[in-house]
Trainee: 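Structure below; questions to follow.
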Amino acid sequence: MADVVLKAVEKSFGSDRVVKSIDLSVEKGEFFSLLGPSGCGKTTTLRMIAGLETPSSGDLLIRGERMNNVPINRRPTNLVFQRLALFPHLDVMENVAFGLRLKGMPRSEIQRRVADMLDVVSLAGFQTRRVAELSGGQQQRVAIARALVNEPAVLLLDEPLGALDLKLQLKLQRELKRIQRKTGTTFIYVTHNQAEALTLSDRLAVMNEGRIEQIGTPAEMYLGSATSFVASFIGRTNLIKGRVERRGAEMRVTDGPLVIVVNEATGLVEADMAVLSLRPERISILPASAGEGVDATVSEVEFLGSTILYRMRLTDDRLLLVQTLADAAPLSEGMATRLSWDKHAALSIRNTSVSEDVE
Ligand code: ATP
């Protein structure tokens with residue numbers, strides 16, 4: 001059964017429609033992310049689920065019950081923000097126990113629940129430490145424990161790791177996933193960080209300008225992007241646009257110096273307008289003397305650690321992104337090369353209306 005369902009939900013502030021007819025269904029026990037650039041409406045969507053905003057129209061259901069006008073404290077949800085709302089002068093126990101005390105739960109029961117929850121977030125034994133004396137990552141885990149101890153059906157998280165350094169973010173990402181699996185709680189997670197959304201989510205929705213562009217698993221989004229916006233936002237890609245032509249047994253799309261052979265399985269037929277996504281890691285760099293591939297000159301070299309990202313200038317002046325494993329001797333700027341790719345390396349994008357490139 002779906003835990004959270006949004007049917008044609010909209011939100012306007014004055015005449016500004018910031019969430020535009022969203023349909024969404026999040027399953028029980030699922031880790032679901034809302035991913036998109038700044039201002040696309042993710043937080044507003046989350047705040048409507050939490051009860052901090054009321055939808056302008058549409059239906060919001062949680063566990064089958066319409067919740068549009070149900071106040072925040074009567075919803076089976078809990079919220080964790082980037083900015084923690086912990087009490088710094090109180091100890092960990094008091095912070096986590098806060099919601100349970102409000103409910104008037106017996107003291108022994110509170111102590112048992114808090115201890116269990118601190119164990120889940122790997123903070124067993126921290127009961128008497130003051131929050132102000134904890135690291136940022138530990139504080140974030142206290143905030144998560146405080147939200148989860150109330151046993152919400154759905155935990156809503158708004159960029160909860162945004163303020164932490166990268167190393168701690170990666171560590172807490174793994175912990176969040178572990179906590180989510182262990183408690184079986186439905187998580188709805190807002191982020192603008194595509195790597196984070198891919199790592200954590202069972203499924204995700206990519207949002208753009210108040211709309212959902214695509215919903216799917218991380219692999220579906222990466223390998224079968226429905227729109228050029230999704231292909232560019234989920235990782236990097238090269239978008240290639242042209243009309244499908246038949247040459248003997250082959251179907252091809254030509255865009256300037258690029259000739260891409262397309263697979264019949266893409267569903268494209270002769271004379272269709274096609275938008276293709278050719279991922280940088282699917283392109284090989286050959287020496288300039290190679291008898292195949294297209295001419296290109298190294299324009300920019302970006303060392304990313306385990307990989308190198310090259311911006312390659314083609315004969316028509318456009319740039320193509322090419323990613324290779326890191327090499328002790330990367331190619332230098334200005335060097336002439338040739339680029340090639342396997343026949344069916346490019347994927348067809350279903351919706352050919354090209355929105356602005358993200359790169
Ligand atoms: P970010 O990642 O920057 O937080 P977001 O995708 O979460 O972005 P929202 O916070 O949902 O975006 O905002 C979407 C749009 O709605 C923005 O243009 C924002 O300025 C506008 N907006 C949000 N809250 C209000 C409000 N209370 N009144 C007026 N406009 C608002």
Side-chain angles (χ1 to χ4, degrees), residues 1-9 19-37 40-50 58-64 67 76-80 144 147-148 152-162 169-170 172-235 237 277 279 347 349-351 358:
M1 189 183 107
D3 250 4
V4 177
V5 176
L6 275 68
K7 290 185 190 160
V9 166
V19 173
K20 298 164 187 163
S21 195
I22 280 193
D23 289 301
L24 195 67
S25 179
V26 180
E27 299 298 314
K28 189 167 184 310
E30 195 170 27
F31 200 126
F32 190 94
S33 297
L34 296 170
L35 171 69
C40 71
K42 329 178 271 298
T43 295
T44 304
T45 303
L46 199 75
R47 287 170 60 84
M48 286 193 280
I49 300 171
D59 291 314
L60 166 68
L61 295 101
I62 303 179
R63 299 221 154 151
M67 290 271 155
T77 53
N78 233 313
L79 193 59
V80 179
I144 291 163
L148 281 174
V154 183
L155 188 65
L156 307 168
L157 303 107
D158 193 353
E159 309 247 7
L161 310 181
Q169 271 183 21
L170 298 178
L172 284 190
Q173 277 172 18
R174 286 207 308 279
E175 290 206 19
L176 265 183
K177 185 95 179 182
R178 180 183 60 76
I179 293 166
Q180 192 265 339
R181 289 288 185 256
K182 190 159 180 179
T183 59
T185 309
T186 306
F187 274 35
I188 304 183
Y189 194 92
V190 159
T191 181
H192 65 269
N193 179 333
Q194 53 98 8
E196 183 167 271
L198 292 183
T199 307
L200 288 173
S201 315
D202 295 313
R203 288 189 309 144
L204 61 151
V206 170
M207 290 184 69
N208 180 27
E209 294 180 358
R211 293 183 199 283
I212 291 181
E213 294 252 334
Q214 187 174 3
I215 299 177
T217 64
E220 281 166 357
M221 305 294 261
Y222 191 80
L223 298 170
S225 308
T227 67
S228 53
F229 181 85
V230 174
S232 305
F233 200 75
I234 304 274
T237 199
S277 159
R279 296 279 180 192
L347 298 164
I349 286 172
R350 289 202 298 279
N351 179 349
V358 177

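All residue numbers in this chain count up from 1 along the given sequence. FYI, side chains are in, hydrogens and waters are out, and symmetry mates aren't considered; it's all heavy atoms of this structure.
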Trainee: Taking the side chain as every heavy atom from C-beta outward, state whether Met221 and Phe233 have any pair of such atoms under 4.5 Å apart.
Mentor: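 Result no, sub-4.5 Å side-chain heavy-atom pair not found.
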Trainee: Kindly check if the number of other-residue, nucleotide or ligand heavy atoms within 6.0 Å of CZ (Arg181) is above 12?
Mentor: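 Buried by this count: over 12 neighbours within 6.0 Å.
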Trainee: How about Arg203 and Glu220: do any of their side-chain heavy atoms sit closer than 4.5 Å?
Mentor: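 Contact flag for Arg203/Glu220 side chains = no.
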Trainee: So do Ile144 and Leu172 actually touch side chain to side chain, heavy atoms under 4.5 Å?
Mentor: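 Answer no - side chains too far apart.
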Trainee: Using atom types as modelled and distance alone, determine if a side-chain donor or acceptor of Arg279 lies under 3.5 Å from a backbone N or O of Ala231.
Mentor: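 Looks like yes, one N/O pair under 3.5 Å.
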Trainee: Do Leu6 and Thr45 have side-chain heavy atoms sitting under 4.5 Å apart?
Mentor: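 When only atoms from C-beta onward are counted, Thr45 and Leu6 do touch, with a gap below 4.5 Å.
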Trainee: Distance from Leu204 atom CG to Glu196 atom CD, nearest 0.5 Å?
Mentor: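 Answer for the CG-CD pair, Leu204 versus Glu196, is 11.5 Å.
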Trainee: How long is the straight-line distance from CE of Met67 back to CG of Asp59, given to the nearest 0.5 Å?
Mentor: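 It comes to 12.5 Å.
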Trainee: Does some side-chain heavy atom of Asn78 sit less than 4.5 Å from a side-chain heavy atom of Leu148?
Mentor: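 Of all side-chain heavy-atom pairs linking Asn78 with Leu148, none is under 4.5 Å.
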Trainee: Nearest 0.5 Å, what's the CD-CD distance between Glu30 and Gln180?
Mentor: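 One finds 9.0 Å between CD of Glu30 and CD of Gln180.
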Trainee: For Ala153, enumerate each residue passing the side chain to side chain contact (heavy atoms under 4.5 Å, CB included) test, keeping only those at least two apart in sequence or located in another chain.
Mentor: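 Checked Ala153 against side chain to side chain contact (heavy atoms under 4.5 Å, CB included); matches are Arg63, Pro76.
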Trainee: If the condition is side chain to side chain contact (heavy atoms under 4.5 Å, CB included), which residues does Lys20 pass it with, not counting sequence neighbours?
Mentor: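 Listed in chain order: Arg17, Glu209, Arg211.
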Trainee: In Å and rounded to the nearest 0.5 Å, what is the CD to OG1 distance from Gln173 to Thr191?
Mentor: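 If I round to the nearest 0.5 Å, the distance is 8.0 Å.
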Trainee: Side chains of Phe32 and Val154: closer than 4.5 Å at any heavy-atom pair?
Mentor: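 They are not in contact (no side-chain heavy atoms under 4.5 Å apart), so the answer is no.
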Trainee: Between Ala226 and Ile349, which heavy-atom pair has the shortest distance, and what is it?
Mentor: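 Smallest heavy-atom distance, with atoms named: O-CG2, 3.3 Å.
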Trainee: Could you please spell out the steps behind the side chain to side chain donor-acceptor pair (under 3.5 Å) verdict for Ser277 and Thr237?
Mentor: CA-CA 6 Å; Ser277 159; Thr237 199; 2.7 Å; yes
Trainee: Please check if the side chain of Glu159 supplies one atom and the backbone of His192 the other of a donor-acceptor pair under 3.5 Å.
Mentor: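 Confirmed, Glu159 side chain pairs with His192 backbone.
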Trainee: Any idea which heavy atoms bring Ile215 and Ala205 closest together, and the distance?
Mentor: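 What the structure gives for the nearest pair is CG1-CB, 3.9 Å.
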Trainee: For Leu79 and Leu46, what are the C-alpha separation, side-chain angles and deciding distance, and is it a side chain to side chain contact (heavy atoms under 4.5 Å, CB included)?
Mentor: CA-CA 9 Å; Leu79 193 59; Leu46 199 75; 3.9 Å; yes
Trainee: Between Ser201 and Phe187, is there a side-chain heavy-atom distance shorter than 4.5 Å?
Mentor: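 A side-chain contact is absent here, since even the closest heavy-atom pair is not under 4.5 Å.
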Trainee: Please give me the minimum heavy-atom distance between Leu155 and Ala147, naming the atom from each residue.
Mentor: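 Between these two residues, the closest heavy atoms are CD1-CB, 3.4 Å.
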Trainee: Look only at the side chain of Lys42 and the backbone of Pro37, and say whether a donor-acceptor pair between them is shorter than 3.5 Å.
Mentor: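 It does hold such a pair.
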Trainee: Main chain of Asn208, side chain of Glu213: is a donor-acceptor contact present, judged purely on distance under 3.5 Å?
Mentor: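 Flag not set: sc Glu213 to bb Asn208 has no pair under 3.5 Å.
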Trainee: If you look only at pairs with a residue in residues 222-235, which of them pass as a salt bridge (Lys or Arg N to Asp or Glu O under 4.0 Å), with sequence neighbours excluded?
Mentor: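 For residues 222-235, and leaving out neighbouring residues, there are no salt bridge (Lys or Arg N to Asp or Glu O under 4.0 Å) pairs at all.
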Trainee: When rounded to the nearest 0.5 angstrom, what distance separates CG in Asp3 from OG1 in Thr185?
Mentor: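 These two atoms lie 9.5 Å from each other.
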Trainee: Just verifying a value: how many Å separate Ile212 CD1 and Leu34 CG, rounded to the nearest 0.5 Å?
Mentor: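 Spacing of CD1 (Ile212) from CG (Leu34) equals 7.0 Å.
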Trainee: Are Gln214 and Thr227 close enough that some pair of their side-chain heavy atoms sits under 4.5 Å apart?
Mentor: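 No; the side chains remain at least 4.5 Å from each other.
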Trainee: Provide the closest heavy-atom pair for Leu200 versus Phe31 in the form atom of the first, atom of the second, distance.
Mentor: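 Answer, listing the atom of Leu200 first, then Phe31: O-CG, 3.5 Å.
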Trainee: Between Thr77 and Ile188, does a side chain to side chain contact (heavy atoms under 4.5 Å, CB included) hold up when you go through it step by step?
Mentor: CA-CA 10 Å; Thr77 53; Ile188 304 183; over 6 Å; no
